[in-house]
Amino acid sequence: MGLEIKLKDKAPVDVDANSISTLDALKELGVKGMENIVAVKVDDRLYDLSCEINSSATIDPVRINSAEGIDIMRHSTSHVMAMAVKELFPGVKVTIGPSIENGFYYDFDYERPFKEDDLPAIEEKMNEIIKQDLPFAREELSSSEAIELFGKQGENYKVEIIEDLGAENVSLYTQGSFSDLCRGPHIPSTGRIKAFKLTKVAGAYWRGDEKRAMLSRIYGVAFSDNKELRSYLQKLEEAKKRDHVKLGKQLDLFSTHEEIGAGMIVWHPKGYMLRHLIEQYEINEHFKRGYDMVKGPEILKTDLWQKSGHFDNYRENMYFTEIDNQSYGIKPMNCLSHMLIYKSKLRSYRDLPIRYFELGLVHRHERSGVLHGLSRVREFTQDDAHILCTPEQLGEEIKGVLTFVKDVMGIFNFEYELEISTRPEKSIGSDEDWERATSSLINAMEDLSLKYDINEGDGAFYGPKIDIKLRDALDRSWQCATVQCDFTLPDRFDLSFIDQEGQKQRPVMIHRVILGSIERFIGILIEHYAGAFPLWIAPVQARILTVTERNDEHAEYLLKSLKEAGFRAEADLRNEKLGLKVREAQLQKIPYMLVIGDREAEQGGVTPRLRNGKNLAFMSTDEIIQHLKEEERQRR
RNA sequence: GCCAGCAUAGCUCAGAUGGUAGAGCAACUGAUUUGUAAUCAGUGGGUCGGGGGUUCGAUUCCCUCUGCUGGCUCCA
């Protein structure tokens with residue numbers, strides 16, 4: 001009696017034994033390049049390379065350059081780091097250390113937090129461990145044995161993990177003197193780690209709970225070889241050049257000021273122009289799609305925020321002010337005014353859906369540590385709308401919003417991710433309402449064939465929602481558009497409409513934004529285009545560059561013509577060399593540099609230079625205006 | 001809010017074991033009239049983020065506040 005082993009999609013091979021290690025099995029199967037294999041899949045489950053199989057199986061080698069292989073190597077690297085840290089800092093307690101995108105981290109509890117200065121020594125120690133090529137050995141033991149083992153070492157976090165697991169047995173991985181509780185699998189030995197770098201330290205709460213211990217986290221990146229690592233680090237450097245805070249300064253778009261306060265943006269002429277153009281585009285899109293534009297006040301009586309539930313649920317994030325013994329809350333959301341407009345008269349089912357749109361300025365007192373450039377601020381403008389509709393209309397309205405999102409993101413060439421969040425534990429409303437709203441959201445995405453993730457239990461307390469996320473230059477994802485169903489506020493504010501039978505009914509409310517926060521969206525937009533905005537939103541579309549003072553007259557004529565044709569143009573008439581003028585316009589990423597020398601002045605036109613360095617052929621004044629109009633119309 | 005790092009001229013950055021600072025660009029003045037990523041010369045410019053402490057003396061060391069960056073938590 002023996003085993004039958006096979007590679008995926010290959011003919012089986014008979015083995016004359018009752019069990020065989022996967023390592024031998026792979027050799028038996030004639031697999032090449034063993035040095036790249038870090039683990040195996042047996043019948044589609046991941047195992048250590050050295051594990052034993054004792055029944056017939058399909059074996060699939062996992063190589064270090066595969067997604068699964070690199071993930072395993074990164075995880076193992078975190079174990080190596082933990083070992084290094086334990087050797088260098090006696091008394092340190094280990095907690096968890098998973099692999100993450102591009103690398104890994106490990107959380108430690110030590111008498112003091114780790115500093116960036118500690119990293120070189122840790123890296124050096126890790127390199128020693130890697131050089132020793134210590135094998136990763138797996139063993140299983142009972143939970144009680146494991147608790148005793150870790151308890152003796154004073155590793156109380158590990159004990160807590162095992163206790164919470166509640167499993168009968170747990171597995172332990174040991175390399176050299178270091179053992180860690182771990183499910184695995186791991187690479188065969190530490191020598192398989194070829195390229196890693198510790199990148200940063202950070203604080204992190206034990207189990208992500210801010211009421212529990214603050215641990216010290218060390219992050220690292222790891223790749224299958226040095227070339228990959230270098231190219232990753234280089235890409236990171238490139239991405240930093242797109243940073244919207246940096247570009248915002250270079251392109252003179254906006255600023256922040258210590259003396260004004262954190263999280264408050266001051267828009268400079270060019271930045272405000274960019275913002276204005278985006279807002280203008282959006283306003284028109286809303287009118288086209290049957291929205292009415294409205295505007296509510298910035299401060300509303302605190303009583304009203306109490307009625308809406310914001311005071312109870314959101315007070316810590318709100319700003320308040322008091323006038324004549326009357327407390328007012330500065331709005332963190334725009335819905336209340338919109339509901340009062342709805343309530344201002346009796347509504348019929350014939351009026352629905354009603355869609356109120358506002359470029360609503362809101363203030364939210366975000367915690368200081370979360371502020372970030374334009375992406376997370378305390379004062380921002382939402383392209384906010386509230387749709388009031390009958391329960392039957394809900395599905396179509398959601399589809400309308402998602403289509404709106406798709407169209408707008410398409411204009412800017414954005415890829416985005418959708419995520420639906422379902423009913424949380426703490427929530428209000430009937431099961432029926434939740435069920436209907438959730439399925440409306442899902443059906444809308446299905447009907448539009450959109451891909452989405454499900455985030456169980458992460459909805460708002462008043463209803464489920466779809467979030468749309470965009471990524472910044474450093475690949476961090478930010479929530480932009482959101483569609484939320486709400487049955488609570490219509491209830492609290494007793495909103496109603498008269499149905500076909502003459503009966504009062506409750507409308508459903510959809511909260512939605514398309515760009516989300518205009519500030520955040522522009523931040524991502526800056527990084528998306530690296531500051532080189534397409535013509536239709538470029539704050540300055542064209543700059544006229546003269547060669548000598550003799551050309552001033554023609555330059556001024558051209559400037560006037562461009563402005564009259566509606567273009568955002570300026571002229572650089574300084575007594576400077578053309579090379580300098582080109583350089584400066586280039587650094588400002590202006591789409592069109594219109595060069596005027598004696599030749600152009602004589603012929604009454606320009607030689608356009610694009611910011612990609614290309615020159616276009618001579619154009620007359622009329623021709624360049626037509627050329628720009630065409631490009632602007634195409635929103636390129 | 002928590003952990004770590006940072007804060008020097010308008011900008012980008014040097015600098016000193018504690019003895020009050022420097023470059024390039026920008027600005028200003030002058031010369032130059034110039035053809036596709038920096039023409040040359042000269043001049044002015046800083047309470048070294050704010051406050052407090054240690055010290056004969058603090059921009060440098062300590063504390064604290066403010067702001068920024070990277071994480072954590074948060075984002076009804």
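Using a 4.0 Å heavy-atom distance criterion, Asn615(A) is classed as a base contact. Among the heavy atoms of the strands, none lies under 4.0 Å from Ala460(A). Within 4.0 Å of Gly373(A), counting heavy atoms only, lie sugar-phosphate atoms of the nucleic acid but no base atom. Residue Ala202(A) is classed as a base contact, given a heavy-atom separation below 4.0 Å to a base. Among the atoms of the strands shown, base atoms are found under 4.0 Å from some heavy atom of Arg376(A). Gln479(A) comes within 4.0 angstrom of no nucleic acid atom, judged by non-hydrogen atoms across all strands. Residue contacts for Gly369(A): at a heavy-atom cut-off of 4.0 Å it reaches a base atom on one of the strands shown. When heavy atoms are screened at a 4.0 angstrom cut-off, Leu578(A) is found touching base atoms of the nucleic acid. Among the atoms of the strands shown, base atoms are found under 4.0 Å from some heavy atom of Asp598(A). Residue contacts for Leu587(A): at a heavy-atom cut-off of 4.0 Å it reaches a base atom on one of the strands shown. At the heavy-atom level, Arg550(A) lies under 4.0 Å from the strands shown only through sugar-phosphate atoms. At a threshold of 4.0 angstrom between heavy atoms, the contacts of Gly597(A) include nucleobase atoms, whether or not backbone atoms are also involved. Glu600(A) comes within contact range of at least one nucleobase, with a heavy-atom separation under 4.0 Å.
Remark: Arg609(A) is in phosphate contact with A37(B), judged by side-chain N or O atoms under 4.0 Å from OP1 or OP2. Side-chain N/O atoms of His372(A) include one lying less than 4.0 angstrom from OP1 or OP2 on G70(B). Arg476(A) has a side-chain polar atom (N or O) that falls below the 4.0 Å cut-off from OP1 or OP2 of G71(B).
With RNA chain B read from its 5' end, the first of the two nearest nucleotides for Tyr205(A) and Glu549(A) is the one closest to Tyr205(A). Taking the nucleotide of RNA chain B with the nearest heavy atom to each of Thr607(A) and Arg364(A), the more 5' of the two is matched to Thr607(A).
Whole-Å rounding puts the Lys577(A) NZ to A38(B) C1' distance at 10 Å. Counting to the nearest Å, the P atom of U39(B) and the CZ atom of Arg583(A) are 9 Å from each other. When the C1' atom of U12(B) is taken as reference, atom CG of Asp252(A) falls 16 Å away, rounded to whole Å. For the pair Arg378(A) CZ and C74(B) C1', the interatomic distance rounds to 13 Å; values are reported in whole Å.
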**OP:** For side-chain contact (heavy atoms from CB on, under 4.5 Å), just list the numbers for Arg423(A) and Thr438(A), CA-CA rounded to whole Å, side-chain angles, deciding distance to a tenth of an Å, and then say yes or no.
**Re:** CA-CA 8 Å; Arg423(A) 185 166 194 169; Thr438(A) 308; 6.0 Å; no
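Proximity note for Lys200(A) (side chain, C-beta onward) versus U33(B), A4(B), G71(B): the nearest is G71(B). For Val245(A), counting side-chain heavy atoms from C-beta on, the closest listed nucleotide (U69(B), A4(B), G1(B)) is U69(B). Distance from the side chain of Tyr219(A) is smallest for C72(B) among the nucleotides C72(B), A37(B), U36(B).
Looking at Arg242(A) and Asp472(A), no side-chain N of the basic residue comes within less than 4.0 Å of a carboxylate O on the acidic one, giving no salt bridge.
Pair assignment for C28(B) gives G42(B), based on Watson-Crick or G-U wobble hydrogen-bonding distances that are each under 3.5 Å. Base pairing analysis places C2(B) opposite G71(B); the two distances defining the Watson-Crick or G-U wobble pair are each below 3.5 Å. Remark: G19(B) base-pairs with C56(B). Criterion, Watson-Crick or G-U wobble with two distances under 3.5 Å.
Side-chain contact between Tyr105(A) and Arg74(A) is absent, with no heavy-atom pair separated by less than 4.5 Å. In this structure, Glu519(A) and Glu379(A) have side chains that are not in contact, with every pair of non-hydrogen atoms separated by 4.5 Å or more.
When each of Asp164(A), Asp107(A), Thr95(A) is paired with Arg207(A), the side-chain hydrogen bond (donor to acceptor under 3.5 Å, both in side chains) condition holds for Asp164(A) and for no other.
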